[in-house]
2 protein chains.
Amino acid sequence: MEAVLTVSRALVAVAARSIAAVGGDVTLPQYRALVLIAARGPQRLIDLADALGVNRSTATRMCDRLVGKGLVRRSRLPNDRRTVRISLTVDGKALVDGVTKHRRTDLARILSHMAAEQQEAVVAALTAFAIAADEKPVLGEESVLDL
Amino acid sequence: MEAVLTVSRALVAVAARSIAAVGGDVTLPQYRALVLIAARGPQRLIDLADALGVNRSTATRMCDRLVGKGLVRRSRLPNDRRTVRISLTVDGKALVDGVTKHRRTDLARILSHMAAEQQEAVVAALTAFAIAADEKPVLGEESVLDL
DNA sequence: CATCTGAATTGCAGTATGCAACATTTTGTC
DNA sequence: GACAAAATGTTGCATACTGCAATTCAGATG
């Protein structure tokens, strides 16, 4: 049981290091928002808030800051003028790509320290655990969890 | 690779649910602090700050709030009156115990959905991964990661 | 004793967060 | 079509988390 927690720490450490390495002057919550937009494409503010699990007002103000940093863009839709469309700028996309690349390199390095059979076993075991936890494995290349 | 991230989400979800279930009106950072104090015993403020990876001032003010909630206690040591000794109150201990119990039940429930061999495989795989990540498996019953 | 070092606190600034109130726009009902 | 209801954002208010810099107090060192 403790191994589960230890792995969690290792994963979080990897993620934190990747964000710090690429820097970009974004906080973790901000980065989570950027990843969600990158993964799911331009979307409404409320969808982003729901995906992040935060209040609408929190999302509004986070977008304010991200717009200020030139990482996302606000635009209105002609068919429904209530909604705001949030999308990544080129800089925002570049930041997410950079962090993702760094993180994957880190994880690959960790896995490379294990024998090939072990690597397969880890993936199999984690997948089984994830299914048991009633969480479907992520399908696409970009994960919502791309912390 | 994605399985690793999916598991991370599942683990965080379990932890968050446990905290929410027991409630106690503490934030996640506050709970992390309580767990550290519970796991390592009464300690100086600076040690707590280091363990949490935050600035001393952050720890100071977090302790202010926890004292206000009656979950921790501040006391000075007679031999070195610079330092502050932070310890859990009975209520603080009860809160940590409650969340831990809830979390363990949740994880056990998840594992119970898997075949026995699978359970062993998961533990083995996670341990191997943790070692590869250069993180020693936690020894004691209480983990620093007891998020 | 003077100075330096260590521990904690406080001031300041920026970010994150939720709730409640509000404005605007769309939808639904009569 | 008019009015009520719901959806979407934004803003005000309050609290919490965070780091950096300056300050206070206590030990350690010369």
Side-chain angles (χ1 to χ4, degrees), chain A residues 12 15-16 19-20 23-37 40 42-87 92 95 147, chain B residues 12 15-16 19-20 23-37 40 42-87 92 95 147:
Chain A
V12 170
I19 295 175
D25 183 36
V26 290
T27 66
L28 185 58
Q30 287 172 3
Y31 180 68
R32 287 217 308 142
L34 293 179
V35 168
L36 279 171
I37 303 169
R40 318 193 322 175
Q43 59 201 285
R44 301 180 305 166
L45 189 134
I46 192 175
D47 295 329
L48 182 59
D50 286 350
L52 286 171
V54 300
N55 194 281
R56 255 168 275 180
S57 62
T58 299
T60 292
R61 280 179 275 241
M62 209 152 70
C63 282
D64 289 345
R65 299 182 194 108
L66 289 173
V67 168
K69 291 176 181 175
L71 298 174
V72 308
R73 203 183 355 251
R74 259 195 188 94
S75 53
R76 301 208 95 101
L77 292 164
N79 40 327
D80 187 341
R81 283 183 301 181
R82 287 175 301 183
T83 68
V84 167
R85 177 193 177 83
I86 310 288
S87 51
L95 192 149
L147 230 189
Chain B
V12 171
I19 296 175
D25 184 35
V26 290
T27 67
L28 184 59
Q30 287 173 2
Y31 180 68
R32 287 217 309 142
L34 294 179
V35 168
L36 280 171
I37 302 170
R40 318 195 321 176
Q43 58 201 283
R44 301 180 305 167
L45 189 133
I46 192 175
D47 295 328
L48 182 60
D50 285 351
L52 287 170
V54 301
N55 194 282
R56 255 170 272 181
S57 63
T58 299
T60 291
R61 280 179 275 240
M62 209 152 70
C63 283
D64 289 346
R65 298 181 197 109
L66 289 173
V67 168
K69 290 176 181 174
L71 299 174
V72 308
R73 202 182 356 252
R74 260 196 189 92
S75 52
R76 301 210 95 103
L77 294 164
N79 42 326
D80 187 341
R81 283 183 300 182
R82 287 175 300 183
T83 68
V84 168
R85 177 191 177 83
I86 310 287
S87 52
L95 191 149
L147 230 188

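Letters A, B, ... mirror the listed sequences (proteins, then strands); counts begin at 1.
Backbone-only contact: A:Asn79 has heavy atoms under 4.0 Å from sugar-phosphate atoms and none from a base. At a threshold of 4.0 angstrom between heavy atoms, the contacts of B:Arg85 with the nucleic acid are absent. Within 4.0 Å (heavy atoms only), A:Gly68 reaches no atom of the nucleic acid at all.
Note on B:Arg44: a side-chain N or O is less than 4.0 Å away from OP1 or OP2 of C:dA7. Distances shorter than 4.0 Å separate some side-chain N or O of B:Thr58 from OP1 or OP2 on D:dG19. Here A:Thr27 reaches the OP1 or OP2 of C:dA16: one of its side-chain N or O atoms lies under 4.0 Å away. The side chain of B:Thr83 contributes no N or O atom lying less than 4.0 Å from OP1 or OP2 of C:dA7. A sub-4.0 Å separation between OP1 or OP2 of C:dA16 and a side-chain N or O of A:Arg65 is present. One finds a side-chain N or O of A:Gln30 lying less than 4.0 angstrom from the OP1 or OP2 phosphate oxygen of C:dA16. A:Arg81 has no side-chain polar atom (N or O) that falls below the 4.0 Å cut-off from OP1 or OP2 of D:dA7.
With A:Leu48 as reference, A:Leu52 is the one residue of A:Leu45, A:Asp50, A:Leu52 to meet the side chain to side chain contact (heavy atoms under 4.5 Å, CB included) rule.
Between B:Asp25 and B:Arg65 there is no salt bridge, since no side-chain N of the basic residue sits under 4.0 Å from a carboxylate O of the acidic one.
Between A:Ser57 and B:Thr60, the one whose closest nucleotide on DNA chain C sits nearer the 5' end is B:Thr60. Nearest-nucleotide positions on DNA chain D place A:Arg82 closer to the 5' end than the other of A:Leu45 and A:Arg82. If B:Asn55 and A:Asn55 are placed on DNA chain C by their nearest nucleotide, the residue sitting closer to the 5' end is B:Asn55.
Considering every non-hydrogen atom in both A:Val72 and A:Cys63, the closest pair reads CG2-O, 4.2 Å. For B:Val84 against B:Arg76, the heavy-atom pair with the smallest separation is CG2-NH2, 3.6 Å. When all heavy atoms of A:Arg56 and A:Ala49 are compared, the pair lying nearest together is CA-CB, 4.1 Å.
The distance from atom CG of B:Asp80 to atom P of C:dT5 is 17 Å, rounded to the nearest whole Å. Atom-to-atom, CG of A:Leu66 to C1' of C:dT15 comes out at 11 Å; the value is rounded to the nearest Å. Atom pair B:Arg32:CZ and D:dC17:C1' shows a separation of 12 Å (rounding to whole Å applied). Note: CG (A:Asp25) to C1' (C:dG14) measures 11 Å, nearest angstrom. As a whole-Å value, the separation of B:Met62 CE from C:dT9 C1' is 16 Å. Distance, A:Leu52 CG to C:dG18 P: 10 Å, rounded to whole Å. Atom CD1 of A:Ile86 is separated from atom C1' of D:dT8 by 12 Å (rounded to the nearest Å).
Proximity note for A:Arg61 (side chain, C-beta onward) versus D:dG19, D:dC17, C:dT17: the nearest is C:dT17.
Residue side chain B:Arg56 does not reach the base of D:dG19 through any donor-acceptor N/O pair under 3.5 Å, judged by distance alone.
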Criterion salt bridge (charged side-chain N to carboxylate O under 4.0 Å, His left out) on A:Asp64 and A:Arg74, from CA distance to verdict = CA-CA 9 Å; A:Asp64 289 345; A:Arg74 259 195 188 94; 2.7 Å; yes
